[in-house]
Each structure stands twice: as C-alpha cells, then as structure tokens.
2 protein chains.
Amino acid sequence: MEGDLFKALADPTRRVILDELTARDGQSLFEICARLATRHGLALSRQAVSQHLAVLESAGLVTARREGRYKFHDLDPRPLEHIVTRWLTPAPPEETP
Amino acid sequence: MEGDLFKALADPTRRVILDELTARDGQSLFEICARLATRHGLALSRQAVSQHLAVLESAGLVTARREGRYKFHDLDPRPLEHIVTRWLTPAPPEETP
DNA sequence: ACCATAGGCAAGTCACCGCTTGCCTATCAA
DNA sequence: TTGATAGGCAAGCGGTGACTTGCCTATGGT
C-alpha cells in the first residue's frame, strides 16, 4: 500500500530506528534494541521493536534477510522519494481512503 | 516541532487536502470542504476539515491568511524536503521522544 | 437592524495504535 | 540432548487521534 509509508513514518521511535539503520546497516533485532537503549535512551521491549520493524518492512523502508537464527535488517530509502515529488507536481489523484 | 510534520502527513484525509491545495492554492475552508466531497467522495463536517487544516498549519505545510470573513489557505511544501535528506545522509541525532 | 454566511471553541464518543505480558518455535553451542 | 539464544504469535491495556455535536463570535449583504 501507499498509505503504509506515511503510517510508518508517523511514529518517532520508528524514525529513530531508521536513523540507526542509516548509521549502520544490517543490524539484528537485538542489536537495534541495544542501540536504541544505549544511544537514544529508549528502553523498549524486544517485541515493541519487532513490531516497529514489521511496520517499516511492510512500508518498504526496511528489507529483512534471514541467516541462521539471525534476521538482519537493511534500510531502503527509495520509497521516500515519492513523498516530495507528490506535492511539487500537479497532484495526481489518490486512493480514496 | 519536527515531529508535527510526520504526524500531519499520517492522515490520508490531510494528504488529500494537500493534493487539493496543490491543484488550487488559496482556498477557503468551505471551498476545501466542497471539493473534498465532490472530487474525492469525502463527506466530512466543516469542523473536521478545520481541525485538519490546523494540524497542517502547525506543521508548516499550510499558511493561512485572513481577508474579511474569509480565511484562505496556501500550500508550503518546503518542510517536505527535510524528510528525504534525513535518511540519505549519515543521520543526525534526533530529539529523544 | 436583521439574517445568512464564514469560522472558532469545547466536550464527548469511538476506533486505532503502541506497548506489554505470556507462551511458543527454531537455531546453535556444550 | 540439554540449555541458551534469536525471534514470532496472540491477547489485553492505556492513550491518542479523528470526527461529531452544540453553541458562540464576526463579517457582509439587503
């Protein structure tokens, strides 16, 4: 979906996760948990971060690859490009929500 | 605030309002209501649109100017540029929410 | 002066979202 | 094989946000 992109960006914690993946790509769930706590003071449970990653993944902003018992997450900023172009050109009609 | 920008974009109705202002700048509240109904099938109350415009205004995406008993709304897409650049450069640290 | 129009303010309802808790599966090391 | 690690699933709770309803102010036409 298109609207999932904006929903994914709406939460500040998810934006920090994107920051963290920008600084260091290919982190696992526990790595992200640890770095959120140490570098941003965000003491979130593992499931909270997991759910955030699921939202980012369904928005196309994060791709996940499994290796053994680890699951590494990579950032994909390409969907962001649609945001700016949308309201600079004569707007194309959207899905009626 | 910074986070208000993402909160403003989170709602699909507000995105349609931005589309509508992109197509025709300087509309009043009632004009926006009418065009949402006729062109997008969105039958919203006047207050609903008014509240949406307030959110867009506090996000810096819409500027309002009063003339007599009318209040015209103009689009300002400049805050959108920060979105893309944020996750393409080595991310600057954010406000801890 | 009167009334219709354009807009604002405040409270209340309802649904969604973020987060937790508890339990379950899978992979690797000893 | 046993235990520890990495992750997933599902139900439940609390808060926030979108929308409505009702009433109020202000401007403009006649």
Side-chain angles (χ1 to χ4, degrees), chain A residues 1 3-18 20-21 24 26-37 40-59 61-74 94-97, chain B residues 1 3-18 20-21 24 26-37 40-59 61-74 94-97:
Chain A
M1 268 210 215
D4 289 346
L5 172 61
F6 298 97
K7 196 185 66 179
L9 293 174
D11 188 80
T13 303
R14 280 194 288 268
R15 297 197 293 271
V16 176
I17 292 177
L18 292 180
E20 208 42 60
L21 287 178
R24 188 193 211 246
Q27 295 187 57
S28 75
L29 174 59
F30 274 57
E31 285 178 293
I32 296 175
C33 280
R35 293 181 60 135
L36 285 183
H40 300 274
L42 295 175
L44 294 175
S45 74
R46 179 178 52 85
Q47 281 78 359
V49 180
S50 178
Q51 289 166 7
H52 281 311
L53 286 171
V55 175
L56 291 171
E57 205 175 336
S58 78
L61 289 169
V62 165
T63 60
R65 49 188 164 93
R66 277 223 117 170
E67 287 183 17
R69 57 175 163 175
Y70 298 97
K71 188 179 181 184
F72 300 112
H73 302 83
D74 299 284
E94 194 204 23
E95 14 74 54
T96 52
Chain B
M1 267 211 217
D4 290 347
L5 172 61
F6 298 97
K7 196 184 67 179
L9 293 174
D11 187 82
T13 303
R14 281 196 286 269
R15 297 197 294 271
V16 175
I17 292 177
L18 292 180
E20 208 42 58
L21 287 178
R24 189 195 211 243
Q27 295 188 57
S28 75
L29 173 60
F30 274 57
E31 284 178 294
I32 296 174
C33 279
R35 293 181 60 136
L36 285 182
H40 301 273
L42 294 175
L44 294 175
S45 75
R46 180 179 52 87
Q47 281 77 1
V49 180
S50 178
Q51 290 166 6
H52 281 311
L53 286 171
V55 174
L56 291 171
E57 204 174 338
S58 77
L61 289 169
V62 165
T63 59
R65 49 187 164 93
R66 276 223 118 170
E67 287 184 19
R69 58 175 163 174
Y70 297 97
K71 189 180 180 184
F72 299 112
H73 302 82
D74 300 285
E94 194 205 25
E95 14 76 52
T96 53

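Quick caveat, the model's predicted, so the values are computed rather than measured. Here is how names work: the chains are called A, B, and so on, in the same order as the sequence lines, proteins then strands, and each is numbered from 1.
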First of B:Y70 and A:D11 reached from the 5' end of DNA chain C, by closest nucleotide: B:Y70
Sidechain-backbone polar pair: B:R14 side chain, B:L53 backbone, donor-acceptor under 3.5 Å: no
With sequence neighbours left out, the residues meeting salt bridge (Lys or Arg N to Asp or Glu O under 4.0 Å) with B:R66 are none
So which heavy atom on B:A8 is nearest to which on B:L56, and how close? CB-CD2, 4.1 Å
Without decimals, in angstroms, what is the distance between B:I32 CD1 and C:dA6 P? 13 Å
Close approaches to DNA chain C from residues 44-54 of chain A, in residue order (heavy atom, under 4.0 Å): A:L44, A:S45, A:Q47, A:A48, A:Q51, A:H52
Taking the side chain as every heavy atom from C-beta outward, state whether A:L61 and A:V55 have any atom pair closer than 4.5 Å. no
Range on DNA chain D touched by chain A, heavy atoms, distance below 4.0 Å: D:dT5 to D:dC9
Could you tell me the separation between the CZ atom of B:F30 and the P atom of C:dA4, rounded to a whole number of Å? 14 Å
Apply side chain to side chain contact (heavy atoms under 4.5 Å, CB included) to B:A64 and list each qualifying residue two or more places apart in sequence or on a separate chain. B:E57, B:K71, B:H73
Do any side-chain atoms of residues 27-34 of chain A form donor-acceptor pairs under 3.5 angstrom with protein atoms, and if so which ones, sequence neighbours left out?
{"residue": "A:Q27", "atom": "NE2", "partner": "A:E20", "partner atom": "O", "Å": "3.2"}
{"residue": "A:Q27", "atom": "NE2", "partner": "A:R24", "partner atom": "O", "Å": "3.0"}
{"residue": "A:S28", "atom": "OG", "partner": "A:E31", "partner atom": "N", "Å": "3.4"}
{"residue": "A:S28", "atom": "OG", "partner": "A:E31", "partner atom": "OE1", "Å": "3.4"}
{"residue": "A:E31", "atom": "OE1", "partner": "A:S28", "partner atom": "N", "Å": "2.8"}
{"residue": "A:E31", "atom": "OE2", "partner": "A:R24", "partner atom": "NH1", "Å": "2.9"}

Take the protein atom CZ of B:R66 and the nucleotide atom P of C:dT5, then report the distance between them rounded to whole Å. 17 Å
I need the A:I17 CD1 to A:H52 NE2 distance, nearest 0.5 Å. 5.5 Å
Can you measure from OG1 (A:T13) to CD (A:Q51) and round to the nearest 0.5 angstrom? 12.0 Å
Given DNA chain C, 5'-ward residue of the pair A:R14 and A:R69, judged by closest heavy atom: A:R14
